[in-house]
2 protein chains.
Amino acid sequence: MGRPRAFDENEVVRAAVALFAGRAYDSVSVDDLVHHLGVHRNSLYKVFGSKRGLYLAALRRGFATSDPDLDLLLLAMVERAPVDAEVAALVQNVLHDLDRSLGSPGATSTLLGDRLRARATP
Amino acid sequence: MGRPRAFDENEVVRAAVALFAGRAYDSVSVDDLVHHLGVHRNSLYKVFGSKRGLYLAALRRGFATSDPDLDLLLLAMVERAPVDAEVAALVQNVLHDLDRSLGSPGATSTLLGDRLRARATP
DNA sequence: CGAGTTTAGGAACGGTCAGTCAAGAACGAT
DNA sequence: ATCGTTCTTGACTGACCGTTCCTAAACTCG
């Protein structure tokens, strides 16, 4: 019952992944999310609780595939994991999965290092 | 002539390196810099022009050694280089130097990937 | 002792931040 | 048709952002 939602929660999280993969957490404002996601501020808070809540949802989504979003992962590792234990835990999980699917931690480090260089090279 | 400075510009840049190596650019506020560096707001702007000016000075300092500050470098690569061409150029320089001193781009990628993992692992 | 110059200090600026509030609209159930 | 519930909407809040202004202090030079 109640008024039906005018947006697709899945699409919203997908769009959030794209935003958080491109820019630092602090430089993605709630206004940015509201505009790019087409969801009203209040609905966003009703569904995800906070900006951080939406970010965590985006991380879970972006990491829940066989090839996780490496840009999202890099930003999370470098910027958020050191100051947010829940982010650190999600990162640990996906790193473990990557190690397993690539066969060794060394291969994962090289993969990340390469993506890092590519990202910093315009 | 004029009133002498009450702070050491070198020490200020060194402290800025430590701050910018630990947290994302956007989450280091000018207030943070003022408090941790012991320099007054106004002096900071007189000497460095802007928060970005001080950040660039910190990058130049943190990269100007034979073993550059890897945390500072990682944050710059992931977060600032994509949105600031001058940062990207400084990053390219230090990466080139690293490639040369380590012998190969592959070694640099692995070094960065390893530091990345260490940083994200509390 | 001024006059001139450079820095220190603190208050203030407009803008933007994440988050909240109250009112109304769209539904299912009775 | 009315009620309870859920979602939408836009205005609003206090805090903080980077930056600027203005006055006082500390110095050199004449």
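All chains are named by letter (A, B, ...) in the order of the sequence lines, taking the proteins before the strands, and each is independently numbered beginning at 1.
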Check: When you match Arg3(B) and Ser29(B) each to their closest nucleotide on DNA chain D, which lands nearer the 5' end?
Finding: Ser29(B)
Next item on the list: Determine the contact category for Val30(A): base if any of its heavy atoms lies under 4.0 Å from a base atom, sugar-phosphate if only primed atoms, P, OP1 or OP2 are that close, otherwise nothing.
Entry: sugar-phosphate
Using atom types as modelled and distance alone, determine if a side-chain donor or acceptor of [X] lies under 3.5 Å from a backbone N or O of [Y].
X        : Y        : answer
Lys51(A) : Leu33(A) : no
Arg80(A) : Asp84(A) : no
Asp97(A) : Val94(A) : no

Notebook entry, point to check: In residues 42-58 of chain A, which ones come under 4.0 Å of DNA chain C, going by heavy atoms?
Noted result: Asn42(A), Tyr45(A), Ser50(A), Lys51(A)
Next item on the list: Pull out every residue in residues 10-28 of chain A that has a heavy atom closer than 4.0 Å to any atom of DNA chain C, ordered by number, or say none.
Entry: Val28(A)
Check: Out of curiosity, Asp26(A) CG to Ser29(B) OG, how far, rounded to the nearest 0.5 Å?
Finding: 11.0 Å
Would you say the side chain of [Y] lies within less than 4.5 Å of the side chain of [X], judging by non-hydrogen atoms?
X         : Y        : result
Leu72(B)  : Phe63(B) : yes
Leu112(B) : Leu95(B) : yes
Val39(A)  : Val47(A) : no
Val30(B)  : Leu54(B) : no

Next item on the list: Start with the C-alpha gap between Arg61(B) and Asn10(B), add the side-chain angles, then the distance that decides, and say whether side chain to side chain contact (heavy atoms under 4.5 Å, CB included) holds.
Entry: CA-CA 9 Å; Arg61(B) 158 68 55 97; Asn10(B) 260 1; 2.8 Å; yes
Donor-acceptor pairs under 3.5 angstrom involving side-chain atoms of residues 114-122 of chain A: please list them, not counting sequence neighbours.
{"unit_1": "Asp114(A)", "atom_1": "OD1", "unit_2": "Ser109(B)", "atom_2": "OG", "d": "2.8"}
{"unit_1": "Arg115(A)", "atom_1": "NE", "unit_2": "Asp71(A)", "atom_2": "OD1", "d": "3.2"}
{"unit_1": "Arg115(A)", "atom_1": "NH2", "unit_2": "Asp71(A)", "atom_2": "OD1", "d": "3.2"}
{"unit_1": "Arg115(A)", "atom_1": "NH2", "unit_2": "Asp71(A)", "atom_2": "OD2", "d": "3.0"}
{"unit_1": "Arg117(A)", "atom_1": "NH1", "unit_2": "Asp99(B)", "atom_2": "OD1", "d": "2.8"}
{"unit_1": "Arg117(A)", "atom_1": "NH1", "unit_2": "Asp99(B)", "atom_2": "OD2", "d": "3.3"}
{"unit_1": "Arg117(A)", "atom_1": "NH2", "unit_2": "Asp99(B)", "atom_2": "OD2", "d": "2.8"}
{"unit_1": "Arg119(A)", "atom_1": "NE", "unit_2": "Val78(B)", "atom_2": "O", "d": "2.8"}
{"unit_1": "Arg119(A)", "atom_1": "NH1", "unit_2": "Ala21(A)", "atom_2": "O", "d": "3.2"}
{"unit_1": "Arg119(A)", "atom_1": "NH1", "unit_2": "Asp71(A)", "atom_2": "OD1", "d": "3.3"}
{"unit_1": "Arg119(A)", "atom_1": "NH2", "unit_2": "Gly22(A)", "atom_2": "O", "d": "3.1"}
{"unit_1": "Arg119(A)", "atom_1": "NH2", "unit_2": "Val78(B)", "atom_2": "O", "d": "3.1"}
{"unit_1": "Thr121(A)", "atom_1": "OG1", "unit_2": "Arg117(A)", "atom_2": "O", "d": "2.6"}
{"unit_1": "Thr121(A)", "atom_1": "OG1", "unit_2": "Gln92(B)", "atom_2": "NE2", "d": "3.2"}

Notebook entry, point to check: Does a side-chain N or O from Arg5(B) land closer than 4.0 Å to OP1 or OP2 of dT7(C), or not?
Noted result: yes
Check: When clusters are formed by joining ILVMFWY residues with side-chain heavy atoms under 4.5 Å apart, either directly or through shared neighbours, do Val87(A) and Val83(A) land in the same one?
Finding: no
Notebook entry, point to check: In terms of hydrophobic clustering (I, L, V, M, F, W, Y; side-chain heavy atoms under 4.5 Å; direct or indirect links), are Leu102(B) and Leu74(B) co-clustered?
Noted result: yes
Item checked: DNA chain D-proximal residues of residues 31-41 of chain B, any heavy atom under 4.0 Å -> Asp31(B), Arg41(B)
Next item on the list: Sorted by first residue and then second, give each ring-ring contact (aromatic ring centres under 6.0 Å, His included) pair with at least one member in residues 13-34 of chain B; sequence neighbours left out.
Entry: Phe20(B)-Tyr25(B), Phe20(B)-Tyr55(B), Tyr25(B)-Tyr55(B)
Note to self: What range of DNA chain D does chain B touch, first nucleotide to last, counting atoms under 4.0 Å from its heavy atoms?
What the structure shows: dC17(D) to dT28(D)
